[in-house]
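See structure below.
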Number of protein chains: 4
Amino acid sequence: MRNPSPGRTGRPRSAAADAAILAATRDALVELGWSKLTMGDVSARAGVAKTTLYRRWAGKSELVVDAVAELFDSLELPDRGSLEADIEYVVLRFAELLRRPEARTALMAVVSESTRDEALRDRIRSAIVDRQKRLVVLGRERAQARGELPYEEDEFLASRTTDLIFDVIAGTVVHRALVSSEPVDELWVATFTALLMHGLRGPAAA
Amino acid sequence: MRNPSPGRTGRPRSAAADAAILAATRDALVELGWSKLTMGDVSARAGVAKTTLYRRWAGKSELVVDAVAELFDSLELPDRGSLEADIEYVVLRFAELLRRPEARTALMAVVSESTRDEALRDRIRSAIVDRQKRLVVLGRERAQARGELPYEEDEFLASRTTDLIFDVIAGTVVHRALVSSEPVDELWVATFTALLMHGLRGPAAA
Amino acid sequence: MRNPSPGRTGRPRSAAADAAILAATRDALVELGWSKLTMGDVSARAGVAKTTLYRRWAGKSELVVDAVAELFDSLELPDRGSLEADIEYVVLRFAELLRRPEARTALMAVVSESTRDEALRDRIRSAIVDRQKRLVVLGRERAQARGELPYEEDEFLASRTTDLIFDVIAGTVVHRALVSSEPVDELWVATFTALLMHGLRGPAAA
Amino acid sequence: MRNPSPGRTGRPRSAAADAAILAATRDALVELGWSKLTMGDVSARAGVAKTTLYRRWAGKSELVVDAVAELFDSLELPDRGSLEADIEYVVLRFAELLRRPEARTALMAVVSESTRDEALRDRIRSAIVDRQKRLVVLGRERAQARGELPYEEDEFLASRTTDLIFDVIAGTVVHRALVSSEPVDELWVATFTALLMHGLRGPAAA
DNA sequence: GCATAAACGAGACGGTACGTCCAGTCTTGTC
DNA sequence: GACAAGACTGGACGTACCGTCTCGTTTATGC
């Protein structure tokens with residue numbers, strides 16, 4: 001994952017170790033939360049020496065970003081028949097993910113760390129943000145194919161709209177779930193989706 | 001805020017200490033960020049003993065919530081003449097606040113901690129969330145007075161809409177600024193506001 | 001004990017407090033030992049404020065010296081009929097006293113503290129050492145009256161001998177009981193007394 | 001001393017650290033005395049982390065016992081030609097040792113602590129008491145070889161006498177020096193030795 | 001009998017050290 | 001050369017006491 005073929009001599013890195021470490025990290029996050037998770041504990045759970053851990057990740061933040069990125073990759077967007085249904089589906093799945101303790105505790109923590117760490121910011125962007133934008137792009141393409149949304153020819157404008165919708169959806173759900181500490185239930189999702197649909201169909205934003 | 005007059009005996013708590021500690025906390029957040037901020041360092045900056053600090057706050061999280069809550073209280077919403085202008089104004093002010101390092105680093109960190117701490121969650125809600133909802137309520141009332149938005153008679157529905165708008169605005173801006181790490185500039189604000197205006201004027205959500 | 005009538009106006013010091021504090025000190029020594037005894041704990045046990053304590057004693061060492069001095073004052077030397085019997089009696093009584101936890105733990109501790117504190121050294125000497133030498137002087141006078149020991153006319157020599165005998169008896173018993181951690185039983189006392197008797201009857205030392 | 005070879009894996013403990021710590025402990029005792037000596041200070045002087053210290057010794061008392069035990073091991077008993085001369089010599093050397101501030105302050109302090117700590121009592125006995133009894137045994141053997149003292153065939157009796165003489169000599173000197181706070185000068189030593197010689201030559205005690 | 005003034009209880013204060021925990025590095029011997 | 005083991009330095013943790021301080025309250029006198 002990190003250096004797959006650096007040199008050739010010496011004992012090669014154990015591939016199994018990577019998976020064990022990331023799984024152990026998620027387990028530890030569930031049990032202990034971000035702030036009480038320690039590198040020593042993770043290495044012990046993974047049956048690996050601390051040095052092995054540090055050889056592969058620079059610190060707790062980097063390790064956790066990789067560990068939770070795998071969680072976010074599990075999100076998918078099957079075709080529910082309409083843009084509205086697609087949005088409701090993805091919001092509910094995302095809210096479900098945020099109910100998992102390892103995601104709740106880790107996401108905001110690494111974002112906080114990243115405010116003072118450029119490299120970490122990049123890592124979050126490439127490992128989580130950019131990978132999840134695929135869902136917005138996919139939903140948009142389907143809606144366009146269905147005729148629910150117009151095609152946008154200007155690629156730059158299209159990308160800006162994708163970014164906006166991504167931030168609106170992800171940001172609102174995260175804020176509702178973690179900051180306001182209110183439940184993301186079906187009723188709320190319906191109201192939110194309605195607001196978003198009207199916003200998207202307004203002439204300027206689509 | 002903490003108990004100013006529980007009994008009557010003994011030396012009273014120094015009022016000056018509270019202010020010094022909160023200011024020192026913000027200074028330390030700027031210089032060190034959340035994860036490197038230590039209680040010992042804060043007490044030293046404030047010219048106060050560590051015990052004094054622990055006598056008043058249970059830990060770093062509680063202290064930081066109170067310290068940043070004062071920052072958020074500085075947000076205001078002067079009448080800009082239209083709902084659209086009001087929204088753009090508050091979004092820009094909020095984004096400005098999130099550019100301050102003490103707010104950036106602290107906000108997500110305490111939210112992360114709060115995922116495993118019910119009391120902290122309540123403290124964030126009462127010290128930050130509930131206090132800032134006043135801006136949404138104020139903007140809405142003004143818009144209703146101007147005839148830009150209809151009156152909602154059902155109080156429960158009105159409160160649910162307030163909550164939704166609050167989460168959409170705050171959540172989207174935070175996500176754009178801290179997770180996606182993209183600038184909240186005037187162009188983006190205009191696009192976001194346009195989307196929101198259409199959403200609000202749609203029949204169901206208003 | 002300390003200044004009972006320095007000036008005239010103002011509330012006089014509570015006499016009861018002194019006794020309560022010394023008793024509380026001994027209780028705390030029994031339960032906690034020297035090193036875990038704290039001024040705050042003593043004040044709480046005595047039902048007295050910490051300030052009251054510090055108004056009367058400079059610190060833990062001074063307080064404890066006074067508290068244990070009262071214990072040592074309880075030692076007495078009834079006439080057992082012979083010098084040998086008198087010595088055996090006082091050694092056994094002294095060993096008994098050293099079996100009490102408050103005496104065991106406190107005596108060596110204050111002596112240790114006194115090695116770097118001239119004032120404390122004086123306090124120990126006047127409150128404990130000099131007061132207990134009375135037992136040696138008394139035993140010696142009785143032995144001389146019985147004709148077991150010769151009279152010593154030179155007062156200086158007599159005082160030096162008193163000091164020596166005091167150090168031999170007290171030192172040996174303390175060392176046996178506290179350093180070597182061996183029991184001071186009747187058999188050992190008999191052997192020690194025999195050695196001492198021969199020493200005293202030797203031509204030079206008497 | 002501590003466990004040099006329990007398992008085999010991992011980085012071995014630094015041998016140099018032990019010596020540095022014990023030396024630093026003695027230095028700190030000289031400068032600060034027992035009660036102001038802190039583990040943190042010792043670790044800083046030894047150029048060692050506090051954790052390293054706690055990994056090897058359970059606390060201040062254990063550490064100090066080991067540190068002063070090395071001092072006591074420096075006592076020796078060259079043949080001065082007669083029992084009397086040997087006794088005078090060892091008493092003077094011992095008194096000299098007790099004039100060193102690190103020995104004065106530490107010896108009584110650890111004895112005081114040991115009154116509530118069985119393990120510490122054992123450590124003192126094995127590291128200091130038992131090791132110094134060799135001097136008494138040696139002096140006795142020489143005196144017997146010279147014909148100054150009779151041979152004792154009963155081993156148990158011999159050991160009891162050794163213990164008694166050890167307590168008399170060590171206890172008297174310690175008491176004179178630390179409790180009575182009087183000088184151990186040549187005149188006093190001569191008088192004490194005379195008393196002891198008569199005691200030893202008396203029929204019952206030898 | 002009423003002011004004066006010291007002693008009192010309560011408990012907050014600035015400090016210091018505690019003993020523990022974790023970070024991240026280094027040093028072994030083994031694979 | 002990667003690895004498990006575990007000792008290493010360094011530093012923050014949160015707690016416990018220290019001895020001092022600042023309150024409001026109590027209790028003797030002496031005017």
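Residue numbering restarts at 1 for every chain, and letters A, B, ... go by the order of the sequence lines.
Checking E/dC13, E/dG14, F/dT9 against the side-chain heavy atoms of D/R55 singles out F/dT9 as nearest. Picking from E/dG9, E/dA5, F/dC8 the nucleotide with the shortest atom distance to the side chain of C/T9 gives E/dA5. Listed candidates were E/dA7, F/dC8, E/dG14. Nearest to the side chain of B/T51 is E/dG14. Comparing atom distances between the B/A49 side chain and each of E/dG14, E/dG19, F/dC8 picks out E/dG14 as nearest. When distances are taken from the side chain of B/R11 to each of F/dG30, E/dC13, E/dG15, the shortest belongs to E/dC13.
No donor-acceptor contact under 3.5 Å links the side chain of C/K50 to the base of E/dG9.
Residues passing the side-chain contact (heavy atoms from CB on, under 4.5 Å) test with B/A46 are B/A20, B/I21, B/A24, B/V48, sequence neighbours excluded. A/R125 meets the salt bridge (Lys or Arg N to Asp or Glu O under 4.0 Å) test with A/D122, B/E182; sequence neighbours excluded.
Considering only heavy atoms from C-beta on, C/R13 comes within 4.5 Å of C/R55 through its side chain. Looking at A/V68 and A/V110, their side chains never come closer than 4.5 Å, going by heavy atoms from C-beta outward.
Remark: B/T38, B/M39, B/G40 in residues 26-40 of chain B come within less than 4.0 Å of DNA chain F through at least one heavy atom.
Atom C1' of nucleotide F/dT15 and atom CH2 of B/W57 are separated by 19 Å, given to the nearest angstrom.
Between D/E70 and D/R26 there is a salt bridge, with a side-chain nitrogen of the basic residue lying less than 4.0 Å from a carboxylate oxygen of the acidic one.
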